[in-house]
Amino acid sequence: MSKEVDYDAVRKDIAACMEQPGYDDGSAGPVFVRLAWHSAGTYCKDTKTGGSNGAGMRYEKEGGDPANAGLQHARVFLEPVKAKHENLSYADLWTLAGVVAIEEMGGPKIEWKAGRTDFTDDSKVPPRGRLPDGAQAEDHLRAVFGRMGFTDDEIITLSGAHNLGRCHADRSGFEGPWVMRPTVFSNQYYKMLKNMEWKPKEWSGPKQYANDDLGQELMMLETDLALLKMNKDLVHKYADDKDAFFDDFAKVFAKLIELGVDRKDAGYEAAPKKSNDAGAP
Ligand code: CCH
C-alpha cells in the first residue's frame, strides 16, 4: 500500500474547513492552533514521552483531560479532511492544521514536516496534568515549558498565539478574547500587554484580568501578565516590531510541533532501519 499523501491538497482542505459561520468568531482557525499546541505541549524532554506524535487525544485518557475541553470541536471539524486522505495520520493532520490556520489568518509561514504516526492503543498516552494552568504565574510557566525544553524568551514568543481566539466559560472557566480581532494573527496581544492597564475582573468565575477601554471587554490570564515579569523588554519589542515577532514565532512554533516526533519509527529516515527498532517506546 502506498503511503503517499498529497499535502498540498491537505492544506487546501484544512483551509476550506476553517470557515465555520456559526462557530465562535466564524473561524475554526484559533481552535486548530490550540489543538496543535495541546497535542505537542505534553512533551517531557527527560523521559521523552508526550509530544505531537501519536494523536493521543483520540483516547479518553488524553482527550478527556479537562485541559483539553473544547478541542473535540477542532477534531470534528477536521474529520472530513482525514476521511479524504486515508494515509494521512491524525498526528500530522492536527499539527498541519495549526500551521495552515496561522498562515491563513495572516501569520508567518511555519516549517512543517510529515512523519508522525498514530498510536494504536492508549498505552503510550502521557499522563494528564502536563498542560499549563492559566491561573498560575511565572514559576509554573517555567516548570511546564522547561519540561518541554523551552526558555523564558521562547515562552513569551509562543504565548503570542493568544492573539487568536478566545476563552470559553464552558471549556476552561475563563471568558473572552485577548484582542479585538481574534481571527487575525498579529502582535496586538503584546500591544495590549504593553499599553493597557489590567484589573482583576469582578465576577464569580476564576481569576482573570479585564480592560474595556476599547469599547469591548478584553482579557488576560495570570500567565499572560506573568510574561511582563519574565522579560518585559521582549514583550515591548514584540509590541513595537511585528516582523521580529513573526520571525521568532515561526521558529518556536516549528520547534513545538516537532516535540516527541521520532521519524525512525515511521520509516521516514533514509538510514536502514533495524527490525527491532519498530514500535520501540
Ligand atoms: Fe492558550 N489558552 N494557553 N496557548 N490558547 C486558551 C486558548 C488558546 C493557556 C491557557 C489558555 C498557549 C499557552 C497557554 C491558544 C494557543 C496557545 C484558553 C481558553 C486558556 C485557558 C480555552 C477555552 O476556554 O476555550 C496557558 C495557561 C498558556 C501558558 O502559556 C500557547 C503556547 C499557544 C500556542 C502556541 C489559542 C489559539 C487559544 C484560543 C482557542 C480558541 O478556541 O479560540
Side-chain angles (χ1 to χ4, degrees), residues 18 20 23-43 52 65-77 94-95 97-102 104-105 107-108 110 129-179 181-186 188-189 193 205-209 219-227 230 235 245-246 248-259:
M18 276 171 61
Q20 296 289 343
Y23 175 79
D24 270 5
D25 304 286
S27 170
V31 80
F32 288 176
V33 176
R34 189 164 192 247
L35 177 66
W37 137 237
H38 277 209
S39 76
T42 55
Y43 187 64
S52 76
D65 184 341
N68 288 327
L71 293 179
Q72 72 277 10
H73 294 285
R75 297 196 296 273
V76 168
F77 290 145
W94 295 349
T95 49
V99 163
V100 170
I102 288 165
E104 289 288 319
M105 292 186 285
I110 296 165
R130 287 191 175 183
L131 292 161
D133 170 2
Q136 298 199 46
E138 58 272 25
D139 290 350
H140 172 70
L141 286 180
R142 286 188 176 117
V144 169
F145 285 88
R147 188 206 63 227
M148 294 176 230
F150 289 113
T151 63
D152 278 17
D153 286 0
E154 288 174 319
I155 298 171
I156 293 169
T157 312
L158 276 172
S159 301
H162 284 173
N163 273 287
L164 300 172
R166 54 176 59 245
C167 296
H168 306 76
D170 61 341
R171 299 182 189 176
S172 60
F174 301 103
E175 180 63 43
W178 288 267
V179 303
R181 295 168 72 204
T183 59
V184 176
F185 194 86
S186 77
Q188 281 296 318
Y189 167 79
L193 282 173
K207 188 173 183 193
Q208 65 178 67
Y209 295 82
M219 66 92 61
M220 288 287 165
L221 299 166
E222 192 75 52
T223 40
D224 295 310
L225 296 182
L227 305 182
M230 293 169 80
V235 172
F245 166 55
F246 274 33
D248 290 353
F249 186 84
K251 286 188 204 109
V252 77
F253 196 81
K255 177 173 167 182
L256 172 72
I257 57 176
E258 278 296 306
L259 297 178

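As the structure lists them, so they are numbered: ligands from 1, and atoms in each ligand from 1.
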| query | Backbone N or O of A226 within a donor-acceptor pair of the E138 side chain at under 3.5 Å? | reply | no
| request: Would you mind running through ligand 1 and noting each atom that sits below 4.0 Å from a heavy atom of D133? | output: 27 (C)
| request: Give the numbers and elements of all ligand 1 atoms closer than 4.0 Å to a heavy atom of R171. | output: 23 (C), 24 (O), 25 (O), 42 (O)
| note | atom 19 (C) of ligand 1 has as its nearest protein heavy atom C167 SG, 3.4 Å
| field | Nearest non-hydrogen protein atom, atom 30 (O) of ligand 1 | value | F145 CE1, 3.2 Å
| Which residue and non-hydrogen atom of the protein lie closest to atom 10 (C) of ligand 1, and at what distance in Å? | L221 CD1, 3.7 Å
| field | Donor-acceptor under 3.5 Å (N163 side chain, F185 main chain) | value | no
| query | Taking it one step at a time, do Y209 and K207 satisfy side chain to side chain contact (heavy atoms under 4.5 Å, CB included)? | reply | CA-CA 7 Å; Y209 295 82; K207 188 173 183 193; 3.2 Å; yes
| Does an N or O from R166, backbone or side chain, lie closer than 3.5 Å to an N or O of ligand 1? | yes
| task | Could you check atom 37 (C) of ligand 1 against the protein and tell me its nearest heavy-atom contact, residue, atom and distance included? | result | P30 O, 3.3 Å
| query | Does any N or O in the side chain of H162 come within less than 3.5 Å of the main-chain N or O of W178, such that one atom is a donor and the other an acceptor? | reply | no
| Any N or O of H168 that comes nearer than 3.5 Å to an N or O of ligand 1? | yes
| field | R181 side chain to Q188 backbone, donor-acceptor under 3.5 Å | value | no
| message | Considering both backbone and side-chain atoms of W178, is one of its nitrogen or oxygen atoms within less than 3.5 Å of a nitrogen or oxygen in ligand 1? | response | no
| request: Could you tell me if the ring centre of F150 sits under 6.0 Å from that of Y43? | output: no
| request: List the atom of M219, the atom of G176, and the distance in Å for their closest heavy-atom pair. | output: CG-O, 3.4 Å
| task | Return the set of protein N, O or S atoms whose distance to atom 1 (Fe) of ligand 1 is under 2.8 Å, each given as residue and atom. | result | H162 NE2
